[in-house]
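Take a look at the structure set out below.
No hydrogens, no waters, no symmetry mates; every other heavy atom, side chains included, goes into these values.
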Amino acid sequence: MKITSTSCICPVLVCLCFVQRCYGATHHSSIKGTRNQTKHIEGETEVHHRPKRGWVWNQFFVLEEHMGPDPQYVGKLHSNSDKGDGSVKYILTGEGAGTIFIIDDTTGDIHSTKSLDREQKTHYVLHAQAIDRRTNKPLEPESEFIIKVQDINDNAPKFTDGPYIVTVPEMSDMGTSVLQVTATDADDPTYGNSARVVYSILQGQPYFSVDPKTGVIRTALHNMDREAREHYSVVIQAKDMAGQVGGLSGSTTVNITLTDVNDNPPRFPQKHYQLYVPESAQVGSAVGKIKANDADTGSNADMTYSIINGDGVGIFSISTDKETREGILSLKKPLNYEKKKSYTLNIEGANTHLDFRFSHLGPFKDATMLKIIVGDVDEPPLFSMPSYVMEVYENAKIGTVVGTVLAQDPDSANSLVRYFIDYNPEDDRFFNIDANTGTIKTTKVLDREETPWYNITVAASENDNPSLLSHVTVGIRVLDVNDNPPELAREYDIVVCENSKPGQVIHTISATDKDDFANGPRFNFFLDEHLSINPNFTLKDNEAAAPSPSGFVHAREMGACGPAMPKPSCPRLV
């Protein structure tokens, strides 16, 4: 509908003029000194006292977002000097003058030519002047006035920080604060309800609620369980006009996650378990795993495992894998199927971080029974001793028995055992072994003086499974026989002086024997009876020198050789 100035605007102006008269005295006291004051006209020397009101206007208003086909009428300027004959000219300057706001210089009517947005600019400051059209001299002092852009509800509330991601502990009390959301409205908060926002919840009931005035989101149910449902998507609406019909609205999403608390005890899925462990398992190795389930997460699901009783307490141990929260069962002592075929363990899993608020839901531990079946493994033969030491005399005939080793199948099958010596290809083979009896014999004549000790490795395997081998070390000591005569320790070249006295020791000779102590010293020294005896010398056996047997050579008669004579001139003992 087209609005004309005569049909609608004039009553408004009359009202504004009435308001001006009501509060004009106080209102204009705060305006700058140039407002409603008469300027000194050029050439005048005294102030002309005009009526208190020479101008007729008030603060003007223009509706924002005006979309009509004609310029929007704003208001009218009028001077009491205007007789209506067109002699008065009205001039408008200031913000938007001539572009946004135009004035009829004869009537003083002001129009807005453009659609204005209050959210971009709330008001415009302009200046009005009335001059004599013929002389161009001011009839009224220039005065400042304001055109205020009147707000309409053209902005919906907005959540500038959404969407939101927030957490709240599970099992929280009803009414626990979760988050406060805030929507802003660009409309004028001082005019009407255009910017008065009310909050409501569009999605998320009955789990959460929102305060309509503050936007605080709270839990709306008791005992919200993360294990039943962890994530919630809550949609909050903000509506202006105090929530009335016709108000504009905006919405945001609040993603709420329930964080975990320790409100679930650990539970073993079964009350009885069975585990197979072969008897060949190595001590210290992990032989199995067991796990109790806990619906909680993080540290609330941490637990430790322990063996509380059972006949396998000393045989097995259990530790906790911190990453997988599994109980790792390890072997402490060797297993032997032939001695004990099964064990029973009672295992407990208990939470390590307790929350006493939920102690009534406990106890926060659980137990189960684990039966361990020991598996029979085809084991290699077992020697009767960890090592053997045997003895044999040197020079014994080939085929002499040195000793016997014994190995048996430790399994219940008790398979027959075969023996062989584990030689390297380059080794000399001085011994062989009977494959069925384990009897070791010589294959060569042994010489103790050449090799007093032999170390050989004997292997045993089962007839039914030759790939399973056991090895044992056999040390063979070669015993001595008296098969070596004494020998002079070295060749002797003795020099004797011719003046040596009878009975004087002129040299000491010694002997060695390759045989060991039992078959060697002590020695007897004597001159060979089958050879001609030199009458000038004798040989005496030194019986006192047991550790190093020796004999003394003596001179029988005096010679004429003096001490100063050179040794080469002395006769030699032949």
Side-chain angles (χ1 to χ4, degrees), residues 268 270-291 305-319 321 326-348 367-390 401-423 432-440 455-476:
F268 286 102
Q270 301 171 212
K271 289 302 179 182
H272 297 86
Y273 290 88
Q274 186 167 294
L275 176 66
Y276 173 85
V277 180
E279 62 176 332
S280 59
Q282 298 296 313
V283 172
S285 64
V287 295
K289 298 179 180 180
I290 194 169
K291 185 175 183 181
Y305 296 88
S306 59
I307 300 174
I308 52 179
N309 55 53
D311 59 358
V313 172
I315 306 299
F316 299 91
S317 64
I318 193 167
S319 60
D321 188 315
E326 294 175 314
I328 308 300
L329 196 69
S330 300
L331 187 63
K332 292 174 62 176
K333 295 182 179 180
L335 299 176
N336 190 326
Y337 171 82
E338 286 69 34
K339 292 183 178 180
K340 189 171 178 59
K341 296 179 173 57
S342 67
Y343 296 89
T344 300
L345 298 175
N346 289 315
I347 297 177
E348 180 182 85
T368 188
M369 188 179 74
L370 175 63
K371 184 176 182 181
I372 300 173
I373 305 300
V374 180
D376 186 20
V377 176
D378 192 3
E379 299 173 272
L382 181 64
F383 282 96
S384 61
M385 298 177 63
S387 63
Y388 294 86
V389 176
M390 301 177 181
V401 174
V402 178
T404 302
V405 297
L406 177 64
Q408 291 182 326
D409 181 7
D411 300 314
S412 57
N414 197 20
S415 299
L416 295 177
V417 175
R418 294 183 65 82
Y419 305 92
F420 60 92
I421 297 176
D422 191 3
Y423 279 118
N432 64 12
I433 190 169
D434 188 294
N436 296 316
T437 65
T439 300
I440 300 172
N455 286 311
I456 62 174
T457 300
V458 175
S461 66
E462 297 178 11
N463 283 346
D464 297 338
N465 191 353
S467 61
L468 290 177
L469 296 175
S470 292
H471 297 83
V472 70
T473 300
V474 178
I476 301 175

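Annotation for Lys271: atom NZ counts as buried by contact number, over 12 foreign heavy atoms lying within 6.0 Å. Atom NZ of Lys291 is surrounded by more than 12 heavy atoms from other residues, nucleotides or ligands within 6.0 Å.
Listed for the Glu279 side chain is a donor-acceptor partner under 3.5 Å among the backbone atoms of Val377. A side-chain donor-acceptor contact under 3.5 Å links Ser470 to the backbone of Pro381. Side-chain N or O atoms of Gln270 include one that pairs as donor or acceptor with a backbone N or O of His272 at under 3.5 Å.
Side-chain contact between Ile440 and Tyr388: absent, with no pair of heavy atoms (C-beta onward) separated by less than 4.5 Å. Residues Thr344 and Ser342 form no side-chain contact, since every pair of their non-hydrogen atoms from C-beta on lies 4.5 Å or further apart. Contact annotation: the side chain of Asn346 approaches that of Met369 to within less than 4.5 Å [non-hydrogen atoms, C-beta and beyond]. Contact check for Tyr343 versus Leu275: no side-chain heavy atoms found under the 4.5 Å cut-off. Glu338 places a side-chain heavy atom less than 4.5 Å from the side chain of Asp411. At least one side-chain heavy atom of Met390 sits less than 4.5 Å from a side-chain heavy atom of Val405. Ile318 places a side-chain heavy atom less than 4.5 Å from the side chain of Ile347. Within the 4.5 Å cutoff, the side chain of Val374 has no heavy atoms near those of the Lys339 side chain.
Taken to the nearest 0.5 Å, the CG atom of Asn336 stands 9.0 Å off from the NZ atom of Lys341. Atom OG1 of Thr457 and atom CZ of Phe420 lie 10.5 Å apart (nearest 0.5 Å). The structure places CG of Asp378 at 10.5 Å from OG of Ser280, a figure rounded to the nearest 0.5 Å.
What you find for Lys332 and Ser317 is that their closest heavy atoms are CD-CB, 3.6 Å. Scanning all heavy atoms of the two residues, the minimum distance from Thr439 to Thr437 falls at OG1-OG1, 3.1 Å. The minimum heavy-atom distance between Asp409 and Glu379, with the atom names listed, is OD1-O, 3.8 Å. Across every non-hydrogen atom of Val472 and Ser387, the tightest pair is CG2-CA, 3.8 Å. Residue His471 comes nearest to Ala459 through the heavy atom pair CD2-CB, 3.6 Å, listed as atom of the first residue, atom of the second, then distance. Minimum interatomic distance between Ala460 and Ala407 (heavy atoms only, all atoms of both residues): CB-CB, 4.0 Å.
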Steps toward side chain to side chain contact (heavy atoms under 4.5 Å, CB included) verdict (Tyr419, Leu406): CA-CA 9 Å; Tyr419 305 92; Leu406 177 64; 4.0 Å; yes
Working for side chain to side chain contact (heavy atoms under 4.5 Å, CB included), residues Lys340 and Ile315: CA-CA 11 Å; Lys340 189 171 178 59; Ile315 306 299; over 6 Å; no
From CA spacing to verdict: side chain to side chain contact (heavy atoms under 4.5 Å, CB included), Leu329, Leu345: CA-CA 11 Å; Leu329 196 69; Leu345 298 175; 3.9 Å; yes
Test side chain to side chain contact (heavy atoms under 4.5 Å, CB included) applied to Arg418 and Asn463, step by step: CA-CA 7 Å; Arg418 294 183 65 82; Asn463 283 346; 2.7 Å; yes
